[in-house]
Number of protein chains: 2
Amino acid sequence: MVAERAGVSVATVSNVLNNKASVSPDFAERVLKAVGELGYVVDIAASRLRSGRAALVGVVVPDLTNPMFATFVSTLEHAARLAGFDLVVVSARNDPAEEADRLSRIRSWRPAGLIVIPCDGALAERLPIGLGGTPVVVADRIPDSGGFDLVAVDNGPAAARIARHLGSEGYGSCLVVGTSLAISNVRERWDGIRAAAGPTYFEIVEIGIGDAARLDAVESRLADARRPEALFALDHVTALELYKLVGRLGLRVPADIAFAGFDEMEWMRLVSPPVTAVRQPVEDMAHAAWQRLVKRMENDAATPTARRLECAVTIRGSTARQPGASREDEAA
Amino acid sequence: MVAERAGVSVATVSNVLNNKASVSPDFAERVLKAVGELGYVVDIAASRLRSGRAALVGVVVPDLTNPMFATFVSTLEHAARLAGFDLVVVSARNDPAEEADRLSRIRSWRPAGLIVIPCDGALAERLPIGLGGTPVVVADRIPDSGGFDLVAVDNGPAAARIARHLGSEGYGSCLVVGTSLAISNVRERWDGIRAAAGPTYFEIVEIGIGDAARLDAVESRLADARRPEALFALDHVTALELYKLVGRLGLRVPADIAFAGFDEMEWMRLVSPPVTAVRQPVEDMAHAAWQRLVKRMENDAATPTARRLECAVTIRGSTARQPGASREDEAA
DNA sequence: CTGAAAGCGCTAACAT
DNA sequence: ATGTTAGCGCTTTCAG
C-alpha cells in the first residue's frame, strides 16, 4: 500500500479507512493526509478477497432501454449507494440465452445478492447452480417455479379495473394485445381481464417480443369490418406500436375504436384524447426489492415472501363512450 | 480452488480456463467436467489482483432514466460483452457532487478504462487525481478543459439547419429553450443557431436541469401578446415540458406557434402534427466511444482525438407555415 | 495503540 | 505436460 507515505503500517491504514479499532488521532490524521495527497481509494476487490464481505449486488434486467426498467435500475442504484453498496447492472436484451450468460458472468463478481427481472418464466433453469447462498430477489415478473423472494405489481386486479371500465362504457368487444403469455405479467393481466365479469367480449393476440414482434394479426383484425370496439395493450411498447397502427389505419380514438394501455408513458397524456392507462409504481417496486434483499443479506432465515404493489388506474378520453353514437350505427 | 475435484493442480485448472499453455485433452476434459458439476466460475477479482489485467470498464452517465443515456449504456454494454469486458455503470442523477462521488467510487474497481458523459463542463476538476494511466473517453458533452478523447454529435450544424428552416418558412421570431448553457451541447446548439444567418430573430431562455427546472419565464413570454412565432427546445426533456405547456395554454401547433426539438423521441411522431426534430445517432456514439477506448486501452500512445457524428434533421408538420396566414394577422 | 505476518483465490514463473 | 510456489492488495489475528 503506497500510503506508507504516512510512515505507519498497512494495518493502521486499514484500521483508519475502516474506522476500526482505536487509532490515535495524530496517526489517523497522518494517514488521511497521505490518502488525500495520493488520491488513494481502496482496492475493493482485494478488500473483498480478504474480508469476505462484498457490498456489491448484481442487477439483471431484460432491457435497459425500456424506461420502466431504466427507472427501476436508477432507483435501485440510489438506494444501494445510500447503503454503501455498489451495483453491477447487466441487460439481457430480451434474450434468454444472453440472460443466462449474464447471470453466470455476474457470479464472477461474487455479489452479496442479486435482484433480477427475468426475461421469462424459466428463470430457475438459468440461475446457475452453485449460486449457493447468494440471496436472490425477483421483481416484476414471476418465475414458473417458486422459491424466490418476490416483488411485483397487482397485475390482475389493475387490468380487471380497465376491463370493467370498458364494460361500463358499453364497449361490446375488445381486442387485448400483449407480447407473450410466457411472461407472467401478461398472463396475469389477461387472467384479470377474463375474471372481470361483464358485457364485453375479450379476445387476446400475442405479438411477440422485441424485433420479432409482428402486428400483422392485429392489423387484419382491425381492417376487418367487424373490428373490435376497443383495444387494450398490455405493455407500453405494444401500446406505442398499436397506437401508431391505429393512426396509420386512419381510425379515430375513441370514435372508431377505444384505446387503453397497461404501463403509463408520457406520450399517453400528450396525444388527443389522452389515453386511459394503468400506472405501475416502479420506484416503489425498486425500493421494496432493495429492502427485501437487504433483509435477506443480513439474515438468511425465513421462507421467501411475495409482495404485491398496487397500481393506479387513470381513466381518460381514449375510452370515453361517444355521446349518442352506438358502435353499430357507425359500422353500418 | 474446489475444482481439485478433477484431481489436478490449481495451475492446470487455471490453464484450462484461460486456454493457456498446452494441456492434454484428457486433463482438460476432466477439469471442464468438474467445473460443470460444481458450477464454478472464476473469481474475477482474485484473477485481476494477480494478473493485473482487468476486462472491466466503468461508465458514468448523468441520468439513467433518460432514454438517450439508457440507450447509450445498453449499446455500450453489448459491445463490451462481445469484447469480453464487463461494465460497471453508475448514474450521477444530474448532480455534480454525486458524479464526483461515483467517479471516485468507481476507481475502487480499478477499471481498465472509463467512458463518461459528464454532468457539466467541470469534469476535469472532478476526475480524481491518481486516476493515473486509466484511459478516459468523454462522450456527448465536452468538458471545459481538454486532454480527453472525445465523441460527440455535430450540435452546431444540426441546430443551424433547424434555424435556417424556420427562417425559410418565414418565422420572424423564435424562442429557444434549453436547460443550461453550462452544458456544452446546449451552448453549441445555441451558437449554431445564432451563426445561421437568416430573417428569424432568436432569443434563448435557460430553464435549469431536472427537478430544479422552471418554465415560468417561458410561460410569461408565451402568455404575452407579442409571443414568439416559434419554439425550439434544445433537448427532449425540455421539449416535452414545453409541449405540455403549449397545450395547457391552448396554443395550436403550428397555427399559433411553430415547434421544433433537438433529440427525437417517439411521442414527437405521435402527436398531431408531428414535430420537426433533430435525431442524434446515440448508438453510433456508443460504438465510437467504445472503439476509441479499446484503442486507448491497448495502446496508450497518441494525442487525444475528437470525433463528431452527424445528426439527422427531419422536417415535419409542426413547423409548416400555415397557408395564407401570416403571423401578424392572427395576433391582431 | 501499533506493527508483523498470514492468507483470501488466483495466475505467473519456475521446477519437475 | 503438469505441479509447486510466490505474491497481487488487502484485512485479520496476534504479539509487542
Side-chain angles (χ1 to χ4, degrees), chain A residues 1-35 38-56 84 86 104-112 130-134, chain B residues 1-35 38-56 84 86 104-112 130-134:
Chain A
M1 222 195 285
V2 250
E4 302 325 2
R5 172 193 189 115
V8 301
S9 77
V10 291
T12 302
V13 173
S14 178
N15 281 333
V16 171
L17 264 33
N18 301 295
N19 2 287
K20 281 289 229 10
S22 35
V23 183
S24 69
D26 39 323
F27 266 60
E29 194 185 353
R30 270 159 60 194
V31 170
L32 262 10
K33 182 161 172 287
V35 164
L38 267 44
Y40 170 82
V41 287
V42 299
D43 185 319
I44 219 168
S47 167
R48 193 227 68 206
L49 192 57
R50 176 65 239 241
S51 73
R53 269 164 283 121
L56 202 223
D86 281 309
S104 127
R105 280 293 288 186
I106 219 167
R107 290 185 50 223
S108 293
W109 294 102
R110 304 288 189 266
L131 201 59
T134 314
Chain B
M1 226 196 282
V2 248
E4 304 321 9
R5 174 194 187 112
V8 301
S9 76
V10 290
T12 302
V13 173
S14 177
N15 282 332
V16 171
L17 263 34
N18 302 293
N19 2 285
K20 283 287 231 10
S22 34
V23 183
S24 71
D26 39 322
F27 266 62
E29 193 186 353
R30 268 160 59 195
V31 170
L32 262 10
K33 181 161 172 287
V35 164
L38 267 44
Y40 168 83
V41 288
V42 298
D43 185 320
I44 218 167
S47 168
R48 193 226 68 206
L49 194 58
R50 175 67 239 237
S51 74
R53 268 165 285 118
L56 202 226
D86 281 309
S104 128
R105 279 291 289 184
I106 217 168
R107 289 183 51 224
S108 292
W109 293 100
R110 304 290 188 265
L131 199 60
T134 315

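Below, read A as the first sequence line, B as the second, and so on, with proteins coming before strands; counting in each chain starts at 1. These values consider heavy atoms only, across backbone and side chains, with no hydrogens, waters or symmetry-generated copies.
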Using whole Å, what does the distance between atom [atom2] of nucleotide [N] and atom [atom1] of [X] come to?
X	N	atom1	atom2	answer
Glu29(A)	dT2(C)	CD	C1'	18 Å
Asp43(B)	dG9(C)	CG	P	8 Å
Arg48(A)	dC8(C)	CZ	C1'	8 Å
Lys20(A)	dC14(D)	NZ	C1'	14 Å
Asn18(A)	dC10(D)	CG	P	11 Å
Tyr40(B)	dG9(C)	OH	P	10 Å
Leu49(A)	dT11(C)	CG	C1'	13 Å
Ile44(A)	dC8(C)	CD1	P	21 Å

Tell me, with the steps shown, if Val16(B) and Phe27(B) meet side chain to side chain contact (heavy atoms under 4.5 Å, CB included). CA-CA 9 Å; Val16(B) 171; Phe27(B) 266 62; 5.9 Å; no
Arg105(B) side chain reached by Ile44(A) side chain, heavy atoms, under 4.5 Å: yes
Any side-chain heavy atom of Arg110(B) within less than 4.5 Å of one from Val41(A)? yes
Scan nucleotides 14-16 of chain C against the protein and return all N/O pairs shorter than 3.5 Å with their distances rounded to 0.1 Å.
none

Angle separating the five-pair end axes of the helix from dC1(C)-dG16(D) to dT16(C)-dA1(D), nearest 10°, is 40°
When you look at Leu17(B) and Leu32(B), which way does the side chain to side chain contact (heavy atoms under 4.5 Å, CB included) test go after all the steps? CA-CA 8 Å; Leu17(B) 263 34; Leu32(B) 262 10; 4.3 Å; yes
Report the distance from atom [atom1] of [X] to atom [atom2] of [Y], rounding to the nearest 0.5 Å.
X	Y	atom1	atom2	result
Ser24(A)	Glu29(A)	OG	CD	10.0 Å
Tyr40(A)	Ser108(B)	OH	OG	8.5 Å
Arg50(A)	Leu49(B)	CZ	CG	13.0 Å

Considering all heavy atoms of both residues, which atom of Gly84(B) and which atom of Ala55(B) are nearest to each other, and what is their separation? O-CB, 3.8 Å
Where Pro111(B) and Ala54(B) come nearest, the two heavy atoms and their spacing: C-CB, 4.5 Å
I'd like to know whether Trp109(A) forms a side chain to side chain contact (heavy atoms under 4.5 Å, CB included) with Leu56(A), so could you lay out the CA-CA distance, the side-chain angles of the two residues, the decisive distance to 0.1 Å, and finally the verdict. CA-CA 8 Å; Trp109(A) 294 102; Leu56(A) 202 223; 3.7 Å; yes
Below 3.5 Å is the cut-off: list the nitrogen or oxygen pairs between protein and nucleotides 1-4 of chain D, distance only.
from: dA1(D); atom 1: OP2; to: Ser22(B); atom 2: OG; distance (Å): 2.1
from: dT2(D); atom 1: OP1; to: Ser24(B); atom 2: OG; distance (Å): 2.8
from: dT2(D); atom 1: OP2; to: Ser24(B); atom 2: N; distance (Å): 2.6
from: dT2(D); atom 1: OP2; to: Ser24(B); atom 2: OG; distance (Å): 3.1
from: dG3(D); atom 1: OP2; to: Ser9(B); atom 2: N; distance (Å): 2.8
from: dG3(D); atom 1: OP2; to: Ser9(B); atom 2: OG; distance (Å): 3.2
from: dG3(D); atom 1: OP2; to: Thr12(B); atom 2: OG1; distance (Å): 2.9

Hey, is the side chain of Ser14(B) poking within less than 4.0 Å of OP1 or OP2 on dC10(C), counting only N and O atoms? no
Before giving the answer on salt bridge (charged side-chain N to carboxylate O under 4.0 Å, His left out), spell out for Arg48(B) and Asp43(B) the whole-Å C-alpha distance, their side-chain angles and the decisive distance to 0.1 Å. CA-CA 9 Å; Arg48(B) 193 226 68 206; Asp43(B) 185 320; over 6 Å; no
